[in-house]
Each structure stands twice: as structure tokens, then as C-alpha cells.
Amino acid sequence: MKKKYRVKKNNEIEEILKNKRYSSNPYFSLYVKKQDETNHFRYAISVSKKIGNAVVRNRLKRQIRSIIRDFYLKDGYDFFIIARTKILTISFLEMKTELLNLLIKQNLIVKGKE
């Protein structure tokens, strides 16, 4: 996925967190903010050091990016995904289902590629 789809700056992530449009489950927290600057969605992913070492955290981030790539998401939204510690107890398919449920709950899915 191209870098233009990523939110990198700390002040932009703080703006998403301040918006307070929020959903969560035991594995993820999802914060969403409507934005007008770009004509595509942008996202940021956070995986805490509590979850594991760098290898584990980077693997989880790659998996989450892969899940995001599999769905058509609405344009004009920034969202911030935070992985929780229970994420280590589920498989990739369960992770995909749980994240998809949060994206549907926040009305961010246009339609699936499948």
C-alpha cells in the first residue's frame, strides 16, 4: 500500500484521537475522523511494546496492513488502529474478521473485494 495512505505525523494522530468517534473489541481499538484535505482514506497503526518484541510487532503491523488492503474503504476518512494485547491469542483469519467488524461498525466499508 502506498505511503500516501498512511498518517505519519503525531499531531495528525492526536487530531484523530480527539475526534472521539471510537469503536473497540478485545483485540483492536479504532478511532475515526472525517477529513476534507485528501480524496482517499488514510490510516495509522499502533502496536504497543507490551505485545512483544520488534519482530512480533512488525509482523502484526504487516498483517493489519494486509487486512486493510483486502477491503474497499470509504474515501475522506482518517483512522487509527490500536492493537491490544489479546491479539496474540487469535489467528490471522480471526483477526481479519474482528477488524472487519469494527470497520463495518464505523461504516467505513464500501464493499469487499471477495
Side-chain angles (χ1 to χ4, degrees):
M1 189 162 281
K2 295 182 181 178
K3 289 196 182 218
K4 70 178 184 177
Y5 293 106
R6 295 190 190 162
V7 177
K8 284 289 192 182
K9 295 182 180 172
N10 194 32
N11 61 348
E12 292 176 341
I13 292 173
E14 287 176 2
E15 285 293 319
I16 295 170
L17 292 173
K18 284 180 189 175
N19 192 40
K20 297 183 181 170
R21 190 170 157 196
Y22 167 79
S23 293
S24 70
N25 59 28
Y27 311 105
F28 296 103
S29 295
L30 177 68
Y31 293 86
V32 180
K33 178 182 181 253
K34 178 87 169 131
Q35 53 97 2
D36 301 319
E37 296 136 17
T38 60
N39 57 355
H40 53 79
F41 71 91
R42 298 185 314 158
Y43 69 95
I45 300 169
S46 175
V47 181
S48 171
K49 285 186 177 182
K50 293 177 186 177
I51 291 179
N53 62 16
V55 174
V56 173
R57 295 192 311 267
N58 288 332
R59 179 177 49 87
L60 287 171
K61 286 188 269 188
R62 281 194 311 271
Q63 289 175 335
I64 293 169
R65 271 189 234 113
S66 172
I67 292 168
I68 292 170
R69 196 173 334 162
D70 287 344
F71 301 108
Y72 290 119
L73 299 172
K74 285 188 178 178
D75 293 333
Y77 286 95
D78 288 346
F79 56 97
F80 183 45
I81 300 168
I82 301 172
R84 294 182 166 186
T85 54
K86 278 193 168 185
I87 199 167
L88 296 174
T89 63
I90 60 174
S91 69
F92 177 74
L93 291 176
E94 292 169 323
M95 189 186 313
K96 188 173 184 175
T97 304
E98 294 295 334
L99 188 54
L100 176 62
N101 289 338
L102 282 182
L103 292 170
I104 290 171
K105 193 175 189 182
Q106 286 291 336
N107 198 21
L108 292 175
I109 299 289
V110 174
K111 66 176 184 175
K113 282 186 177 181
E114 299 160 330

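Given the structure is predicted, the values throughout are model-derived calculations rather than measurements. Numbering starts at 1 and runs along the sequence shown.
You'll find the side chain of Phe79 stays beyond 4.5 Å of the side chain of Ile16, heavy atoms only. Taking 4.5 Å as the limit, every side-chain heavy atom of Val7 sits out of range of all side-chain heavy atoms of Phe80.
Note: the hydrophobic cluster containing Ile82 does not contain Phe28 (ILVMFWY, side chain heavy atoms under 4.5 Å, direct or indirect links). Under the 4.5 Å side-chain contact rule for hydrophobic residues, Leu17 and Ile81 do not share a cluster.
Rounded to the nearest 0.5 Å, atoms CD (Gln106) and CG (Asn101) are 12.5 Å apart. Between atom CD of residue Glu98 and atom CG of residue Leu93 there is a gap of 12.0 Å, rounded to the nearest 0.5 Å. Taking OG of Ser91 as the reference point, atom CD of Gln63 lies at 9.5 Å (rounded to 0.5 Å).
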Test log, rule salt bridge (charged side-chain N to carboxylate O under 4.0 Å, His left out), inputs Glu12 and Arg42:
CA-CA 11 Å; Glu12 292 176 341; Arg42 298 185 314 158; 3.6 Å; yes

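Aromatic ring centres of Tyr31 and Tyr22: separated by under 6.0 Å.
The closest donor-acceptor contact from the side chain of Arg84 to the backbone of Asn25 lies under 3.5 Å. Between the side chain of Gln35 and the main chain of His40, a donor-acceptor pair closer than 3.5 Å is present.
Across Lys33 and Asn19, no two heavy atoms sit closer than the pair CA-ND2, 3.3 Å.
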